[in-house]
Student: 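To start, I am sharing the structure in question, which I have written as structure tokens.
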Amino acid sequence: MRTFIAVEIGADIRASAVALQESLAEIGAEVKWVEPENLHVSLLFLGEVDDRELHPVCRAVKEVSATESPFPLRVSGLGAFPTPRRPKTLWAGITDGADELKRLYDKLEAKLLDLGCYRKEERGYTPHLTLGRVKGEADSFALAKELPKRLSWDGGRTVVDEVLVFSSVLERAGPVYTVLGRGELSGK
């Protein structure tokens with residue numbers, strides 16, 4: 001099953017992100033917006049994970065999470081991959097909590113590489129909150145003009161106190177995420 005590891009963003013950040021999506025939608029560009037219930041900060045995308053590997057993955061997440069303490073997370077600013085001038089993916093930045101997310105990523109990656117159920121990413125990890133994916137080039141140009149106006153957007157704060165393992169089932173209406181495992185950040 002398609003599996004990924006992520007942290008939740010909290011209700012306040014979720015509401016701010018949805019308001020930002022609605023504001024950007026008024027531009028008229030065709031964007032596939034991430035559904036409100038699916039907004040999260042990804043750590044690692046594992047892809048297809050065999051049922052037999054799921055328990056060791058969840059155990060690894062629990063073990064790594066226990067070594068870290070809860071931390072504040074702030075979502076602010078707006079950006080795009082590959083560049084703001086040619087946006088294909090729109091995202092909100094992570095300011096407070098970015099270092100902690102990178103540390104979690106590094107520890108989880110090492111543990112999952114040892115298990116053999118993860119392939120190392122070519123590009124480095126950049127913590128972010130994906131908001132939507134741009135459909136076409138004309139839409140990309142329309143959004144590129146608007147992004148600089150929202151660089152100072154502030155989505156709010158939350159406290160990250162757990163890491164989640166999700167399954168992702170692709171349905172006609174979009175992906176449906178289900179929590180498969182949890183790792184509490186207890187700082188032991």
Side-chain angles (χ1 to χ4, degrees), residues 1-48 71-102 104-105 121-160 163-180:
M1 86 183 54
R2 289 170 50 90
T3 308
F4 65 93
I5 301 168
V7 299
E8 287 286 4
I9 57 170
D12 292 344
I13 293 174
R14 187 176 316 282
S16 293
V18 169
L20 177 60
Q21 288 173 322
E22 290 169 353
S23 171
L24 290 169
E26 291 175 6
I27 295 165
E30 194 173 341
V31 177
K32 171 63 175 131
W33 298 108
V34 175
E35 296 295 327
E37 65 274 11
N38 290 345
L39 289 166
H40 63 271
V41 178
S42 293
L43 287 164
L44 295 118
F45 179 72
L46 304 179
E48 295 294 329
F71 59 90
L73 179 81
R74 180 175 176 217
V75 177
S76 62
L78 181 62
F81 295 130
T83 71
R85 289 187 320 214
R86 292 181 36 114
K88 296 290 179 204
T89 301
L90 301 173
W91 51 261
I94 305 299
T95 51
D96 300 351
D99 290 340
E100 290 87 346
L101 288 169
K102 288 176 186 174
L104 275 170
Y105 171 87
E121 289 276 335
E122 293 292 323
R123 59 182 182 247
Y125 175 66
T126 303
H128 65 279
L129 173 63
T130 300
L131 299 170
R133 290 171 180 79
V134 182
K135 298 285 186 166
E137 199 160 325
D139 298 310
S140 184
F141 290 130
L143 285 164
K145 294 177 189 173
E146 293 296 317
L147 294 182
K149 299 175 187 175
R150 292 173 172 84
L151 291 177
S152 63
W153 173 79
D154 188 358
R157 299 173 186 266
T158 192
V159 173
V160 174
V163 177
L164 303 169
V165 179
F166 285 97
S167 69
S168 173
V169 176
L170 298 175
E171 307 236 336
R172 181 170 277 237
V176 175
Y177 300 155
T178 304
V179 176
L180 302 173

Student: I need the minimum non-hydrogen distance between Leu104 and Phe71, along with the two atoms involved.
Tutor: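 Answer, listing the atom of Leu104 first, then Phe71: CD1-CE2, 4.0 Å.
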Student: Might you work through the ring pair (Phe, Tyr, Trp, His ring centres under 6.0 Å) test for Tyr125 and Tyr105, ending with a clear yes or no?
Tutor: CA-CA 8 Å; Tyr125 175 66; Tyr105 171 87; 4.5 Å; yes
Student: Could you check Tyr177 against His40 for side chain to side chain contact (heavy atoms under 4.5 Å, CB included), going step by step and ending with a plain yes or no?
Tutor: CA-CA 11 Å; Tyr177 300 155; His40 63 271; 3.6 Å; yes
Student: How far apart are the closest heavy atoms of Leu147 and Ala80, and which atoms are they?
Tutor: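 For Leu147 versus Ala80, the nearest heavy atoms are CD1-CB, 3.9 Å.
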Student: If you measure from OG on Ser167 to CG on Leu180, what distance do you get to the nearest 0.5 Å?
Tutor: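 Answer rounded to 0.5 Å: 4.5 Å.
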Student: Drop me the distance from Ile94's CD1 to His128's NE2, to the nearest 0.5 angstrom.
Tutor: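 So the CD1 of Ile94 and the NE2 of His128 are separated by 8.5 Å.
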Student: What's the separation between atom CG in Asn38 and atom CZ in Arg14, rounded to the nearest 0.5 Å?
Tutor: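 Reported value, rounded in 0.5 Å steps: 8.5 Å.
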Student: Measure the spacing between CG of Leu131 and CG of Leu78 and express it to the nearest 0.5 Å.
Tutor: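 Output value for this atom pair is 6.5 Å.
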Student: If we ignore angles and hydrogens, is there a donor and acceptor under 3.5 Å between the side chains of Ser23 and Arg150?
Tutor: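 The answer is yes; a qualifying pair exists.
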Student: Should we say atom CG of Asp12 is surrounded by more than 12 heavy atoms from elsewhere, each under 6.0 Å from it?
Tutor: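 At most 12 heavy atoms, drawn from other residues, nucleotides or ligands, come within 6.0 Å of this atom.
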Student: Measuring from atom CH2 of Trp33 to atom CG of Leu24, what distance do you get when rounded to the nearest 0.5 angstrom?
Tutor: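 Reported to 0.5 Å precision, the distance equals 4.5 Å.
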Student: As an exercise, state the distance from CZ of Phe81 to OG1 of Thr126, rounded to the nearest 0.5 Å.
Tutor: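 Reported value, rounded in 0.5 Å steps: 5.0 Å.
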